[in-house]
**Student:** 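Mind having a look at this structure? Questions to follow.
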Amino acid sequence: MFCSKCGNSVPDTATVCTHCGAPIGGNGFNTTVPVVANNYSSGNAGTGLCVASLVMGILSLLLFCVSVISVPLAIASLITGCVGSSKAKRAGRSRGMGTAGIICSVISLLLFVVLIFFLVILLSASPEFSYFMEEFFEEFYYALY
């Protein structure tokens, strides 16, 4: 038999459930297999994605100088933040962490673009840079042919 209160199996000769203590009465036990509800409720929809977006957004901000890591993190943060926020909105939950993750990733991408812009300006203004680039492309050209 199965307890209708907790769903655990109990011996046929038991007078109370050994797990929850429910009495054997006519409504205390069920001889059929219990249906156990899943623990995945829609009440937490999007919360995990919003947290992931915030964590990735903060990491992308901290690592904006390392473009190999920062740019993919920022893009992933944007995607998870948008998806998580829309799921949270449909479930009536708070979207604050998803919004914060989106903001952090946008700031990270903007910092990266500004960094690249200043590097291009600084390097193109330098006469040594043009000499270096000429030598680099000559060596690259001769290495190919």
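Computed from a prediction, not measured in an experiment: that's the story for all the values here. Side-chain atoms are counted along with the backbone in the values below, which use heavy atoms only and exclude waters and symmetry mates.
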**Student:** Please list, chain by chain and in numerical order, all residues satisfying side chain to side chain contact (heavy atoms under 4.5 Å, CB included) with Ile116, sequence neighbours excluded.
**Tutor:**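 Phe112, Val120.
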
**Student:** Keeping Ser60 on the side-chain end and Ser70 on the backbone end, is there a donor-acceptor pair under 3.5 Å?
**Tutor:**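 The answer is no, because no donor-acceptor pair under 3.5 Å joins these two groups.
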
**Student:** Please determine whether residues Leu73 and Val55 belong to a single hydrophobic cluster, defined as Ile, Leu, Val, Met, Phe, Trp and Tyr linked transitively by side-chain heavy-atom distances below 4.5 Å.
**Tutor:**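 Same cluster.
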
**Student:** If hydrophobic clusters are built from ILVMFWY residues whose side chains come within less than 4.5 Å, do Leu110 and Val71 share one?
**Tutor:**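 Result: yes, single cluster for both.
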
**Student:** Only counting residues at least two apart or in another chain, list the ones meeting side chain to side chain contact (heavy atoms under 4.5 Å, CB included) with Thr80.
**Tutor:**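 For Thr80, the residues satisfying side chain to side chain contact (heavy atoms under 4.5 Å, CB included) (neighbours in sequence not counted) are Leu49, Ser53, Met56.
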
**Student:** Could I get the full list of side chain to side chain contact (heavy atoms under 4.5 Å, CB included) partners for Val66, not counting sequence neighbours?
**Tutor:**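 Here the qualifying residues are Ile69.
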
**Student:** Considering residues at least two apart in sequence or located in another chain, which fulfil the side chain to side chain donor-acceptor pair (under 3.5 Å) criterion with Thr99?
**Tutor:**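 Applying side chain to side chain donor-acceptor pair (under 3.5 Å) to Thr99 gives none.
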
**Student:** With a 4.5 Å cut-off on side-chain heavy-atom distances among I, L, V, M, F, W and Y, is there a chain of contacts connecting Ile79 to Val51?
**Tutor:**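 Ile79 does not cluster with Val51.
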
**Student:** Return the set of residues passing side chain to side chain donor-acceptor pair (under 3.5 Å) with Ser105 (not counting sequence neighbours), or none when no residue passes.
**Tutor:**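 Testing Ser105 for side chain to side chain donor-acceptor pair (under 3.5 Å), a comparison that skips the adjacent residues, returns none.
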
**Student:** Looking at residues at least two apart in the chain, or sitting in another chain, which of them share a side chain to side chain contact (heavy atoms under 4.5 Å, CB included) with Ile58?
**Tutor:**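 With sequence neighbours excluded, Ile58 shows a side chain to side chain contact (heavy atoms under 4.5 Å, CB included) to Leu54, Leu62, Cys104, given in chain and number order.
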
**Student:** Could you state the interatomic distance from OG1 (Thr47) to NZ (Lys87), rounded to the nearest 0.5 Å?
**Tutor:**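 Result: 10.5 Å between the selected atoms.
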
**Student:** Listed by chain and number, what are the side chain to side chain donor-acceptor pair (under 3.5 Å) partners of Glu138, not counting sequence neighbours?
**Tutor:**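 Scan of Glu138 (side chain to side chain donor-acceptor pair (under 3.5 Å), adjacent residues dropped) gives none.
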
